[in-house]
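Everything numeric in this text was worked out from a predicted model, so none of it was measured. When a ligand or atom number is given, it counts from 1 through the structure's own listing order.
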Amino acid sequence: MSANPLDNKAQAWSALFSEPMSELVQRYTASVGFDQRLWRADIEGSLAHARMLAAQGIIGAQDLADIERGMAQIVGEIERGEFTWKLELEDVHLNIEARLTQLVGDAGKRLHTGRSRNDQVATDVRLWLRSEIDGLLPLLRQMQSALVELAAEHTDTVMPGFTHLQVAQPVSFAHHLLAYVEMFSRDADRLADVRKRVNRLPLGAAALAGTSYALDRERVARELAFDGVCENSLDAVSDRDFALEFAGFASICMVHVSRLAEEIVLWMSQNVGFIDLADRYCTGSSIMPQKRNPDVAELARGKSGRVIGHLMGLLTLMKGQPLTYNKDNQEDKEPLFDTVDTVRDTLRIMAEMVGGMKVKAQAMEAAALRGYATATDLADYLVKKGLPFRDAHETVAHAVKVAIQQGVDLSQLPLATLQGFNAHIGADVFEVLSLRGSLNARNVLGGTAPAQVQARIAAHRKRLQ
Ligand code: ARG
């Protein structure tokens, strides 16, 4: 067997180079510190490539057998933590190829036939991201299920609904939770859609223009379970819009998480007191002995910032790059990896925390009774008695003013007082002014009436089965 050219990479890339890379340049350009995480995808991709090369008669059957044997050994070495990653071999691809050649000789040197690291890395990242997406989809379902199951216990728990963070109208706590289920369900749809565009094979594009070998790209795509190949070699090696889309999904999802986290923090504040969290999701204070802080929710809210930052970073990374591959693209990995890790951990912890949330139904109901949440119901009542809505609105404003002056709720005003605002008001108004009367009245598709909410819970349960 002849010498392994990769052994001398520290000295020079090829015979063309007359001096070695400086230690600083080596460190600056290397990615093996982080991209070794792609090792399994890299080996899977290489094996599919090698099998295709053999089937096409480009390498021999013995070469393929050697490559398969060498790769099996490398998998074992990496899994056992025995593999030595070398900075001077720059990245995951060259590290694995060098070790393969060390183990099996010339067959290892034939593996890179008809391939470039440009189509190789694009393939690895897509394979890796696809499997991460497949891990995230069930977590999004868990998150939804946790919310749906909590909602099922609270279709009759009334809380104030807010606009402008001012008490607006009564809603059930279940209805409020289900709003997030809708959001996470759209996130899951978005992610499944992103997966379709991740799942295309770049391999065969080689450096940028395709290759002169008679490759069977469709075969490689099938073996790696891609839905098809990237149809333009220049696009295949250079664009990372699949990663941008993923980061877009992740940012939107984290914004949804962040809004929920913000509400949990507010709800747990003594000034609101709607919920309590299990101790295991809270931390204490080093100085104030009475404190239990909702750190997990706060961090989930905070981590949305870093995921949105990664999206901005990746967009900025792409925007100035001329076709085709540029080394800039090596910078796509750390933000992408961190995005996946952050979304995964956040979804897991939030689903658990929501599942263990203690709901203080009485405090919610008491809060709904402050702030004249049923004023709209009184206006609607008057409309049904024949008043034009604008007049009804004005009449109720007068009633609310008097109630505020007396420090009571509308439902606590005597019938005679209410009739003073409009003679059509009858004793049936008190049912209308009650929290549950208000809820039941909103029996429109998508509304907060328990019947609607129960139907939606049933639909979600069926979908999430
Ligand atoms: N480590 C490189 C990356 O992540 C692999 C591709 C290198 N290709 C090249 N022509 N230098 O993008």
Glu218: side-chain hydrogen bond (donor to acceptor under 3.5 Å, both in side chains) partners, not counting sequence neighbours: none

Return a table of donor-acceptor pairs under 3.5 angstrom between the side chains of residues 159-173 and protein atoms on other chains or two or more places apart.
{"from": "Gln169", "atom 1": "NE2", "to": "Thr376", "atom 2": "OG1", "distance (Å)": "3.0"}
{"from": "Ser172", "atom 1": "OG", "to": "His175", "atom 2": "N", "distance (Å)": "3.0"}

Table please: side-chain donor-acceptor pairs of residues 241-256 below 3.5 Å, with sequence neighbours left out.
{"from": "Glu245", "atom 1": "OE1", "to": "Arg197", "atom 2": "NE", "distance (Å)": "3.2"}
{"from": "Glu245", "atom 1": "OE1", "to": "Arg197", "atom 2": "NH2", "distance (Å)": "2.8"}
{"from": "Glu245", "atom 1": "OE2", "to": "Arg197", "atom 2": "NE", "distance (Å)": "2.7"}
{"from": "Ser251", "atom 1": "OG", "to": "Ala247", "atom 2": "O", "distance (Å)": "2.8"}
{"from": "His256", "atom 1": "ND1", "to": "Asp187", "atom 2": "OD1", "distance (Å)": "3.3"}
{"from": "His256", "atom 1": "ND1", "to": "Asp187", "atom 2": "OD2", "distance (Å)": "2.8"}

List below, pair by pair, the N or O atoms of ligand 1 and of the protein that are less than 3.5 Å apart, including the distance to 0.1 Å; reply 'none' if no pair qualifies.
{"from": "ligand 1", "atom 1": "1 (N)", "to": "Ser31", "atom 2": "OG", "distance (Å)": "3.4"}
{"from": "ligand 1", "atom 1": "1 (N)", "to": "Asp91", "atom 2": "OD2", "distance (Å)": "3.0"}
{"from": "ligand 1", "atom 1": "1 (N)", "to": "Gln330", "atom 2": "OE1", "distance (Å)": "2.8"}
{"from": "ligand 1", "atom 1": "4 (O)", "to": "Lys333", "atom 2": "NZ", "distance (Å)": "2.6"}
{"from": "ligand 1", "atom 1": "8 (N)", "to": "Asn118", "atom 2": "OD1", "distance (Å)": "3.0"}
{"from": "ligand 1", "atom 1": "10 (N)", "to": "Asn118", "atom 2": "OD1", "distance (Å)": "3.0"}
{"from": "ligand 1", "atom 1": "12 (O)", "to": "Tyr325", "atom 2": "OH", "distance (Å)": "2.4"}

4.5 Å side-chain heavy-atom contact, Val340 and Arg344: yes

Geometric cation-pi criterion, Arg37 with Phe337: 6.0 Å, 45°: yes

Six-ring centre of Phe226, Arg130 cation under 6.0 angstrom, axis tolerance 45°: yes

